[in-house]
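Take a look at the structure below.
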Amino acid sequence: MNSPLINVCDVSKTFILHNIDGRKVTALQNVSFSIAPGEHVALAGSSGAGKSTLLRLLYRTYTLTSGEINFRLSSGEWVDIGKLTDPEVVALRGREIGYVSQFLRAQPRRSVIDLVTRAGVSRGMSRNDAREHAAISLRRLNIAESLWEIHTSVLSGGEKQRVNIAAGLISPPRLLLLDEPVSALDPENRERAIDLIAQLSEAGVAVLAVFHDLDAIARLATRIVVMSHGHLIDDGPAQSILPQLQPTDVHS
Amino acid sequence: MTKSPIITPQAAIRVRGLSKFFGPIDEGAIARTGPKFGTARDPLSGSIVAAWDVNFDVAAGEALGIVGESGSGKSTVLRCIAGDQPSSAGSVHLMCHDEGRTNVLDLSPAARRKLRIDQLSVVYQDPAEGLSLGVTAGGNIADPLTAAGWRNFEAIRVRARDLLDRTEVPLDRMDDIVRNFSGGMRQRVQIARALANNPPIVLLDEPTTGLDASIASGVLDLIRGLLEELDLAVVVVSHDFAVIEMLTQRCIVMQHGRVVEDALTDQLLEDPQHPYSQKLVTAARS
């Protein structure tokens, strides 16, 4: 196996709710695992198990309570994501670590093609290359060309989600965090999105993903990490873990 | 300190220890004010610590938000940087001015005003502060251009037209006086004027507060587009998290004149750390 791209070591996360009598809510406890380039790790576990918490910690949307998240930069040097300054995290996001959420985030009046092209440019592509790749992805995701020049706010939920995938996957970063990226798609469009996500692994991108159905996990995951009540309870090759999973193990 | 392996862009503006007092202040007054005491006013002297020890860097192409309730000191910080108010302590260095070697807070008032021509612009909540309402839109833009040495009338007209076009002000209104413009339109003219001489640094003080929601979102779109295209270093003061989320990557949170948290914007919204930040975010989200 390749040497890891990211090592999650003994990570815990506790929220302190100052305005509810300082109540403490522990969302993750002593979680350790790693991901190598080209691996697609699916997070399984029932609702509230801590899957999304883990994704957000890796992106530093959540602050770390304890433990280390060591990430190998493209320069080969290692950094602990939990200890980076905010400007360093800003610099790390995009080219090194990406996050594709369930929803297309609020965007100003941007056309579909412009939004995806800009995502490519922000990760170092030339404008022409980015536009070309954007067109390829949008076609593969079945976004009709008649929609390319219109403003994303008028798209349907499923169309928005596919545009979000196109933008998230263009010139992909080295680690991609996927939080239910295909949850709103009909079966045909879901297949297309899954095909595009599968290509990431061939391209050597390390993926950590949360899906709402077992089928997507079966199609994409090379490894499965199972979470329960904030603990990591199993971690192994997809083919050995998959048979043990229940449909309730993937509800977010 | 060891050098970070992650290269971050150089600061276009660097603020250190910026403080503003009203009335005489001693160390005791600092110790008796702030979030812990729930006030910026020293109970003994009656003096006000409007801002104390504010620090941040902003790089070109980046926007930093300053959030907090009214009276938290956020606009005071902006006005001290802009030179609208004298500051009491601290330093502000602009990379575009003397390559960042000069603390611009030490400059004479005249020299500070000169910075406002082409190095640092401000867009105020109230367009009346940033514009001459009795002057035409074109005239308002001509003002900073002539201050920067533009003399050719036709060139000034062309530049003004270009800026108004860019900020989506109908060109047939160019020769109307600004007082006859709607609030949203006045704000667009103010933005056009602020950008007239391509300043690398722009300060926005509640740029969409007071506008109708639909008008505000149009102005916000415009600002967001300009930020990306012009590679500006921007500081945005707002109590509106929608504005902060749309425009900024990083934020500082102020309460009673103090910075209580600095954070990535998504982190502030999803995992605020300080009790006051939690209260603000919860209030904004409910």
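Below, chain A is the first sequence line, B the second, and so on; all start at residue 1. This structure is a prediction, so every number in the text was calculated from the model and none was measured.
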request  = Against chain A, work out which of B/Thr265, B/Thr8, B/Ile7, B/Leu264 has the most heavy-atom pairs shorter than 4.5 Å and name it.
outcome  = B/Leu264

inquiry  = Does any part of the side chain of A/Tyr99, heavy atoms only, come nearer than 4.5 Å to the side chain of B/Asp266, both counted from C-beta?
reply    = no

A/His229, NE2 atom: more than 12 neighbouring heavy atoms under 6.0 Å = no

task = Look at atom CZ of A/Phe103 and say whether more than 12 heavy atoms of other residues, nucleotides or ligands are closer to it than 6.0 Å.
result = no

query = So which heavy atom on A/Asn19 is nearest to which on B/Pro275, and how close?
reply = ND2-O, 3.4 Å

query = Is it true that atom NE2 of A/His133 has more than 12 heavy atoms of other residues, nucleotides or ligands lying nearer than 6.0 Å?
reply = no

task = Output yes when A/Arg110 and B/Glu228 qualify as a salt bridge under the 4.0 Å nitrogen-oxygen rule, no when they do not.
result = yes

ask   = Is it true that atom CZ of B/Arg32 has more than 12 heavy atoms of other residues, nucleotides or ligands lying nearer than 6.0 Å?
value = yes

message = Take a 6.0 Å sphere around CZ of B/Arg101 and say whether it holds more than 12 heavy atoms from other residues, nucleotides or ligands.
response = yes

key: Salt bridge present between B/Asp271 and A/Arg60 (N-O < 4.0 angstrom)   = no

key: B/Asp57 portion near chain A, given a 4.5 angstrom heavy-atom threshold   = neither

note = The reported gap from CG in B/Leu268 to OG1 in A/Thr61 (rounded to nearest 0.5 angstrom) is 11.5 Å

Under 3.5 Å donor-acceptor, B/Gln273 side chain and A/Ile16 backbone = no

request  = Measure the spacing between CD of B/Glu270 and OG1 of A/Thr63 and express it to the nearest 0.5 Å.
outcome  = 12.0 Å

request  = Could you tell me whether a side-chain N or O of A/His18 sits under 3.5 Å from a main-chain N or O of B/Lys279, the two making a donor and an acceptor?
outcome  = no

key: Interface moiety of A/Tyr62 toward chain B, non-hydrogen atoms closer than 4.5 Å   = both

query = So what's closer than 4.5 Å to chain B heavy atoms on A/Leu73: side chain, backbone, both or neither?
reply = side chain

inquiry  = Surrounding CD of B/Glu99 (heavy atoms of other residues, nucleotides or ligands, distance under 6.0 Å), is the total greater than 12?
reply    = no

key: Engaged part of A/Lys13 at the chain B interface, taking heavy atoms whose separation is under 4.5 Å   = side chain

Any side-chain donor near an acceptor of the partner, B/Ser4 and A/Glu88, under 3.5 Å = yes

